[in-house]
Enquirer: 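Here it is, the structure in full.
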Amino acid sequence: MRVTKILLAGVATVAVCAAQAAVSQAEEVQRGTLYGDMTIVSQDMLSRAASDGNNFLHTNGNYDQTRFYPNKQINTSNVRKLRPAWIFQTEVVETMETTPIVVNGVMYVTTAFNHVYALDAATGQQIWHYKHKMGPVTTYCCGPNNRGVAISGDRVFMGTLDAKLVALDSKTGKLLWETQIADPELGYSETMAPTVVGNKVLIGTNGGEYGIRGFVKAFDTQTGNEIWTFHTIPEDSVGVWATHDATGRDMLRDIEAEKAALKKMGDPYKTLGGGVWQNPAVDLEANRVYFVVGNPSPDLDGSLRPGDNLYTDSLVAVDLETGQYVCHFQYIAHDVWDLDAVSPPIITQVKDGDGNMVKGVLHGGKTGHVYVHKADDCSLLRFSEAMVPQENMWVLPTKEGARMLPGANGGVEWSPMAINADLGLTYAINLHQPMTYHVESTPYPEGKLWLGGAFKVIPTEEQWGNVTAVDYNTGKIRWQVKTEQPMIGGVLSTAGGLLFTGEGNGQFKAYDAETGSVLWNFQAGAGVNAPPSSYTVGGKQYIVVAAGGNTQLDYKRGNNIIAFTLAE
Amino acid sequence: MSFRFSVPNSMLTLGLSIAILSAPALAQDTLAPPPEIAELVDTCKACHGDNGVPVQEDAPIIWGQEQYYMYVQMRDIKAGRRKSEIMGPIVQDLDKDTMKALAEYFSQLKWPSLGYSTPEADIPVAEAAAVAGQCPQCHLGAWVGNSRVPRLAGQNVQYLEKTMLDLKYDRRKNAPDVGALFKDMSDEDVRSLARYAAGK
């Protein structure tokens, strides 16, 4: 009997091995090409992603972060024929903010709580599934989100809720290395997708609601070793005692009281927040990265953090090789409303004040303005008309609660914008969510939630959202479409003259990029609150998006990745 | 470790009934504690129940509660940031490793069902309060919590009512930003929200 058992076990093992070998061979066949293994992502591919009509290699499309996809097979004249090609359901039914990354027919998506899937982009068939072994301590704001992977060479990279950076083998999903970025007990966590350039993996940190000291770090792609750190909060965070915001409005600061507090308590830089929630734009020509920095800690209580709180609520540029400071522009000094800078910046040519085309940087703010900067020195060229109602700005938070619009979620939240440079338009999705701002001073709680009060949604007031096209050369709104609910997720623009974005009610829509007309829609069954991407396999262009709802706005959860292509 | 208290007979009966009803499921999830905390676990069960159903009227469910949250609560109680006449003396002599071991042990057990239903009248009030306070943003969609954020869904309603009002009136000081959410709510609305969470 014993011999038989061993033999049977042996046969079973052989059978399993044979099956695995067959699966591996099948994958190899699917992934191979006449020219070799094209799943290896070279730096040249990453650098030329803006003109790559087959792949989607960066979270925001390319290093400039335009989210403009250059294929026009799906366009304004045929988008009505767009149909689901496949639906993949993940294991995790929770908030989804992932951008699918596609390399020669293989798609990489992530879920809440840090699962990664590799899928066949033509069929939706699973190739591998990696489940991060989460530590017991996670400290995060706004849901257990993950916004996707970065890819380079033969590996994919992901930040985790327990503040780690992991590198996986892109063929197998096997863990290659893991680096602890910061201490999750102190409020650090990762939800953004990393960005890879050269031998560096760039990643920021969450934690502005927990009294962290923010940063952007560069890690070595091969070893996971740290190359440089830029602290978003300098040791001298005081600044120039700015009394007005970027648009010229008085922020009602009591500068004398702040100066007295500074003298008494010193510079608050160690617990001043300044998270970086989204990917940097990379200027390969100037060897710089541009990113935006989030709110100061505690969010609502300025009494514990005198000064401008540099570089919170700012656009910042640093040197790609060294991480050294290059320039910055602060939108709101000493913010006490959490109307910070989150949506990833976009590099594109813009008109300067004299009408000359110069390299510019765009940012969609939670204030509801699109800010247009000169890339060279970060200076502000213009800001757009307000895309959402603004009322009572900048009333100071009170114990009882002061109503002000926009509410603390924006304007434009973390949702990436997209542009169409031919039209000179940037597309932003906005929230209108009236809130009251309450302040209550409490000391630093060592890693616990530290808002210094509360933001409260006013449940009796109507909430809605919009999709807005802004002419970034004039600051004027070209068109605007109201949506049923506040918008969160992201936008994709295509050479087909289209714009794709989803809603909390499950609607996924295509708009005419020039006019804002809704040309197509699909009900996904759960909130579509993730940025879409596009790719081409076997001569067919696809649009893909995650429909998993959203924790921050409590939109219906799901677990679907849905790829669409034109009906035959 | 010589803590004792008296338990009302009705509570014991209720606890026993629930234990019998759900015994098979719970039995599968019983887990022997590591020897070094076994005696302490017995102490915990005196209030929090042998089967996860609290026998002390306003004691929380700790079976299946988030590990890190429970550790932080013990740490805060020891440091005086959260007052508890019952828990204070118990945790006073515990070191961090013991607290972590206890938290890990109880987090691995299955959350019991108390079978509580939210009264219909509470639902619209609580839903409005949940929108205002954006509760699911931290406690997640099903109010089940994660890591340092506690599970509220299905929690003992008496405990929730008490602790939420303690947060409102700063009697519980170790989560001031949560307390700030309750400040401009009436006590009855806070109770409605507690009953809503308990019935999830």
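Naming convention: chains lettered A, B, ... in sequence-line order (proteins, then strands); numbering from 1 in each chain.
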Enquirer: Is the backbone N or O of A:Gly447 less than 3.5 Å from a side-chain atom of B:Arg148, with the two atoms forming a donor-acceptor pair by type?
Expert: yes
Enquirer: Give a yes or no on this: more than 12 heavy atoms of other residues, nucleotides or ligands lie within 6.0 Å of atom CD of B:Gln92.
Expert: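 Count over threshold, so yes.
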Enquirer: At their closest point, which heavy atom of B:Asp177 faces which heavy atom of A:Gly452, and how far apart are they?
Expert: OD1-N, 3.3 Å
Enquirer: For A:Glu440, which atoms come within 4.5 Å of any heavy atom of chain B: side chain, backbone, both, or neither?
Expert: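 Contact with chain B: side chain only.
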Enquirer: So A:Lys448 and B:Val72, side chain to side chain contact (heavy atoms under 4.5 Å, CB included) or not? Walk me through it.
Expert: CA-CA 10 Å; A:Lys448 285 183 188 158; B:Val72 169; 3.6 Å; yes
Enquirer: Write down the atom of A:Phe455, the atom of B:Leu181, and the distance for their closest heavy-atom approach.
Expert: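 Looking at all heavy atoms of both residues, the closest pair is O-CD2, 4.2 Å.
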Enquirer: Take a 6.0 Å sphere around NZ of B:Lys162 and say whether it holds more than 12 heavy atoms from other residues, nucleotides or ligands.
Expert: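 No, because the 6.0 Å sphere around NZ of B:Lys162 holds 12 heavy atoms or fewer from other groups.
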Enquirer: Does any backbone or side-chain atom of A:Pro184 lie under 4.5 Å from a heavy atom of chain B? Answer side chain, backbone, both or neither.
Expert: backbone
Enquirer: Count the heavy atoms belonging to other residues, nucleotides or ligands that lie under 6.0 Å from NZ of A:Lys556, then report whether that count exceeds 12.
Expert: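 No - once you tally the heavy atoms of other residues, nucleotides and ligands closer than 6.0 Å, there are 12 at most.
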Enquirer: Could you tell me which non-hydrogen atom of A:Pro136 sits nearest to which non-hydrogen atom of B:Ser147, and how far apart they are?
Expert: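 Closest pair (atom of A:Pro136, atom of B:Ser147, distance): O-OG, 2.8 Å.
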Enquirer: Give the C-alpha distance, both sets of side-chain angles, the deciding distance and a yes or no for side chain to side chain contact (heavy atoms under 4.5 Å, CB included) between B:Tyr71 and A:Val137.
Expert: CA-CA 10 Å; B:Tyr71 161 67; A:Val137 183; over 6 Å; no
Enquirer: Counting only heavy atoms closer than 4.5 Å, note whether A:Gln463 contacts chain B via side chain, backbone, both or neither.
Expert: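 Looking at A:Gln463, just its side chain touches chain B.
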Enquirer: For the side chain of A:Thr551 and the backbone of B:Gln137, is there at least one donor-acceptor N/O pair under 3.5 Å apart?
Expert: no
Enquirer: Check each atom of A:Asp299 against the heavy atoms of chain B and say whether the ones under 4.5 Å are side chain, backbone, both or neither.
Expert: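 Neither; nothing under 4.5 Å.
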Enquirer: So, for A:Glu185 and B:Tyr68, which heavy atoms are closest and what is the spacing to 0.1 Å?
Expert: OE1-OH, 2.9 Å
Enquirer: Tell me, for A:Met134 versus chain B, whether the close heavy atoms (under 4.5 Å) come from the side chain, the backbone, both or neither.
Expert: neither
Enquirer: With a 4.5 Å cut-off on side-chain heavy atoms, are B:Gln134 and A:Asn409 touching?
Expert: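 A side-chain contact under 4.5 Å exists here.
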Enquirer: Given the options A:Ile458, A:Leu451, A:Val439, which has more heavy-atom pairs under 4.5 Å with chain B than any of the others?
Expert: A:Leu451
Enquirer: Is atom CD of A:Glu178 surrounded by more than 12 heavy atoms (other residues, nucleotides or ligands) closer than 6.0 Å?
Expert: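 Yes.
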Enquirer: Considering non-hydrogen atoms only, spot the tightest contact between B:Leu140 and A:Pro144 and give its length.
Expert: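 Scanning both residues, the minimum pair turns out to be CD2-CD, 3.5 Å.
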